[in-house]
Amino acid sequence: MVARRYKPVEECATDGRSRQAVAADLDGTLLLSRSAFPYYLLIALEAGGLLRAVALLLTVPLVYLTYVTVSEPLAVRALLYVDVAGLRVADVEAVARSVLPKFYAGDVHPEGWRVFRSFGTRCVVTASPKVMVEPFAKAYLGADRVIGTELEVGEDGRATGFVAEPGVLVGEHKRRAVVREFGDALPDVGLGDRESDFDFMSICKEAYIVTRQKYRAVPREQLRSRAILHDGRLARRPTATNTLLTFLWMPLGFALALLRVSLHTLLPPRAVSYAYKLTGVRLAVRGHPPPPPSPSRKGRRRPGVLFVCNQRTALDPVAMAVALGRKVSCFTYGASGFSRLVSPIMAAAFEPSARENVRQLLEDGYDVVVFPEGATCREPFLLRFDTGFAELTDRIVPVAIDARESMFHGSTARGYGSMDPFFLFMNPRPAYEVTFLNQLPRELTCGGGRSPVEVASYVEKVLAAQLGFECTGITRKDKYGILAGTGGRVPSN
């Protein structure tokens with residue numbers, strides 16, 4: 001069989017397909033990249049650890065040589081063994097659900113997606129493990145069925161590193177899997193991009209091949225779902241080249257992170273912003289923050305200000321302290337020991353026991369920072385604000401926080417939160433932008449007759465407009481339930 005037997009996917013009509021079925025390969029067909037290595041690497045790193053990821057990277061030349069000179073199935077088997085042998089399948093599933101979709105969603109082929117989404121019944125058939133692909137394919141591509149290579153699992157729930165029968169789904173195995181899945185009602189259209197797809201494409205009523213023309217990935221908002229919540233430490237798609245550069249940077253990056261972290265313990269907050277410039281940390285402070293609290297003429301302090309912020313990384317309290325040039329009391333659900341050292345952090349201001357502490361601090365003239373989202377969000381979205389802050393005071397100043405992370409994410413749901421400051425500062429040039437907005441007029445506060453829900457909703461919309469983000473109904477509990485399976489509790493580590 002040769003590729004010339006099949007028409008290019010650009011010639012596939014999409015009208016009248018709502019009652020028909022399509023079977024499509026994944027890598028190189030529904031995705032722009034023909035290599036599944038980045039997704040194997042993410043499984044190795046997030047479920048297995050750094051050493052396993054390094055081992056997987058070192059096998060790339062051998063695997064590629066095997067792919068070219070021997071066979072694709074053998075190359076996939078070798079990659080899989082290094083990738084998952086000894087890992088708990090539950091951990092692989094968690095990574096596939098919380099980490100992979102974001103990277104898959106940024107690599108969707110526009111022509112493959114144009115055709116695939118027009119069908120009433122959609123099936124993804126791939127050589128990659130089904131456990132890796134299924135969460136993304138169903139939630140983001142709207143796939144009804146996913147046919148993939150099955151992992152062999154031991155009695156202890158760990159992957160053995162081998163594949164279950166009938167083996168790696170390429171060539172004839174892929175064709176038989178499609179026949180088993182569809183029976184006599186074979187797919188109307190088959191989509192593939194390479195010779196190992198031709199077997200299953202040949203049994204479809206129509207078949208189209210995805211050529212290697214250069215396309216840009218489909219905008220993520222055009223998929224069936226959007227990746228609002230995701231986990232994992234890597235900010236860039238881990239191709240072999242990106243991964244190699246990242247691993248080579250890590251020793252230098254960690255040394256740089258130690259230096260940046262030490263600035264906060266050795267220097268006063270006002271001087272840290274200048275030290276940031278010398279070490280490559282960009283901090284932009286916009287707006288006009290209120291001056292530090294000072295005694296009134298009668299010797300009493302004026303009431304303090306409540307800074308209400310959105311949350312981007314675990315170091316937002318630190319960024320606020322540096323932006324204000326002084327230590328402030330911050331109330332949040334969870335923070336690293338480093339954050340607690342730099343800026344006094346207490347229990348959530350929305351818990352009954354902490355609410356009175358916040359109110360007393362404000363009445364005594366101290367400024368307080370709160371994060372009503374209760375959790376970080378990496379994408380341009382805001383989680384739903386808790387309304388508790390609105391009842392504490394009428395002196396409310398919204399603060400919009402945005403962060404730029406080019407290599408590593410400085411927050412995690414499943415990993416070790418104690419490492420968050422170091423991962424953020426391991427980025428070559430991490431950037432923070434802190435924008436102080438105007439204090440809410442009294443008529444927009446609870447003292448002016450507004451309900452806590454109205455106040456919280458207004459502040460959320462003001463911050464979203466400033467940042468160019470979208471508001472969501474997702475809560476902190478939803479985030480940790482989805483990403484970490486903890487029902488809203490921050491994992492202890």
Side-chain angles (χ1 to χ4, degrees), residues 1-39 67 72 101 103-128 130 132-134 136-148 169-175 177-179 181-182 185-225 237 239:
M1 292 184 186
V2 295
R4 283 193 292 268
R5 283 192 54 186
Y6 303 109
K7 295 179 181 179
V9 69
E10 289 82 0
E11 297 183 18
C12 181
T14 56
D15 294 335
R17 301 288 195 178
S18 61
R19 295 186 178 181
Q20 295 183 0
V22 62
D25 177 50
L26 184 67
D27 299 300
T29 302
L30 294 177
L31 301 180
L32 288 169
S33 174
R34 303 179 82 237
S35 171
F37 172 79
Y39 313 107
Y67 179 87
E72 182 180 347
F103 293 95
Y104 276 131
D107 192 39
V108 176
H109 196 295
E111 282 300 307
W113 172 238
R114 176 185 68 85
V115 174
F116 189 76
R117 69 180 179 179
S118 66
F119 284 79
T121 301
R122 296 175 288 269
C123 175
V124 172
V125 52
T126 175
S128 295
K130 180 179 178 180
M132 280 175 51
V133 174
E134 191 168 37
F136 166 74
K138 289 190 172 182
Y140 294 83
L141 300 182
D144 303 291
R145 312 176 190 181
V146 176
I147 306 173
L169 293 192
V170 297
E172 179 66 17
H173 289 316
K174 187 173 285 189
R175 184 188 70 82
V178 171
V179 171
E181 183 69 28
F182 285 88
L186 292 173
D188 296 276
V189 170
L191 300 177
D193 69 292
R194 68 192 81 187
E195 188 174 349
S196 59
D197 296 327
F198 293 172
D199 287 276
F200 93 85
M201 292 167 63
S202 67
I203 64 174
C204 299
K205 298 173 185 176
E206 301 175 53
Y208 297 88
I209 191 163
V210 177
T211 59
R212 298 191 184 184
Q213 295 185 40
K214 290 186 177 180
Y215 286 102
R216 289 187 177 181
V218 174
R220 295 181 185 183
E221 59 269 17
Q222 294 183 13
L223 302 180
R224 294 292 296 271
S225 299
R237 187 168 179 272
T239 61

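Heavy atoms only: backbone and side chains are in, while hydrogens, waters and symmetry mates are out. We number each residue from 1, following the sequence as shown.
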Locate the shortest heavy-atom distance separating [X] from [Y]; write the atom from each residue and the value.
| X | Y | answer |
| --- | --- | --- |
| L30 | G112 | CD2-O, 3.7 Å |
| F200 | I203 | O-CG1, 3.0 Å |
| C123 | F182 | CB-CZ, 3.7 Å |
| E10 | Y215 | OE2-OH, 2.5 Å |

query: Is there side-chain contact between K174 and D199, with heavy atoms separated by less than 4.5 Å?
result: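 Answer no - side chains too far apart.
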query: D107 versus Y39: any side-chain heavy-atom pair under 4.5 Å?
result: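 Of all side-chain heavy-atom pairs linking Y39 with D107, at least one is under 4.5 Å.
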- request: Return the set of residues passing side-chain contact (heavy atoms from CB on, under 4.5 Å) with D144 (not counting sequence neighbours), or none when no residue passes.
  value: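 Listed in chain order: T121, R122.
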- request: Could you label the plane-to-plane angle of the F136 and Y104 rings as parallel, tilted or perpendicular, counting under 30° as parallel and over 60° as perpendicular?
  value: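 The arrangement is parallel - the two ring planes meet at less than 30°.
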task: Applying salt bridge (charged side-chain N to carboxylate O under 4.0 Å, His left out), name anything that partners R175, two or more places apart in sequence or on another chain.
output: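 Applying salt bridge (charged side-chain N to carboxylate O under 4.0 Å, His left out) to R175 gives E172.
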message: Please check: side-chain N/O of R114 versus main-chain N/O of V9, any donor-acceptor pairing under 3.5 Å?
response: yes
query: Rounded to the nearest 0.5 Å, what separation is found between the CG atom of L26 and the OG atom of S128?
result: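 It is 6.0 Å, given to the nearest 0.5 Å.
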Interatomic distance, E11 atom CD to E206 atom CD [nearest 0.5 angstrom]: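 It is 11.5 Å, given to the nearest 0.5 Å.
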Pairing residues for T29 by the side chain to side chain donor-acceptor pair (under 3.5 Å) criterion, not counting sequence neighbours: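 In terms of side chain to side chain donor-acceptor pair (under 3.5 Å), with neighbours along the sequence ignored, T29 is linked to D25, D193.
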- request: Decide side-chain contact (heavy atoms from CB on, under 4.5 Å) for V189 and R17; before the verdict, give the C-alpha distance in whole Å, the side-chain angles of both, and the deciding distance to 0.1 Å.
  value: CA-CA 10 Å; V189 170; R17 301 288 195 178; 3.6 Å; yes
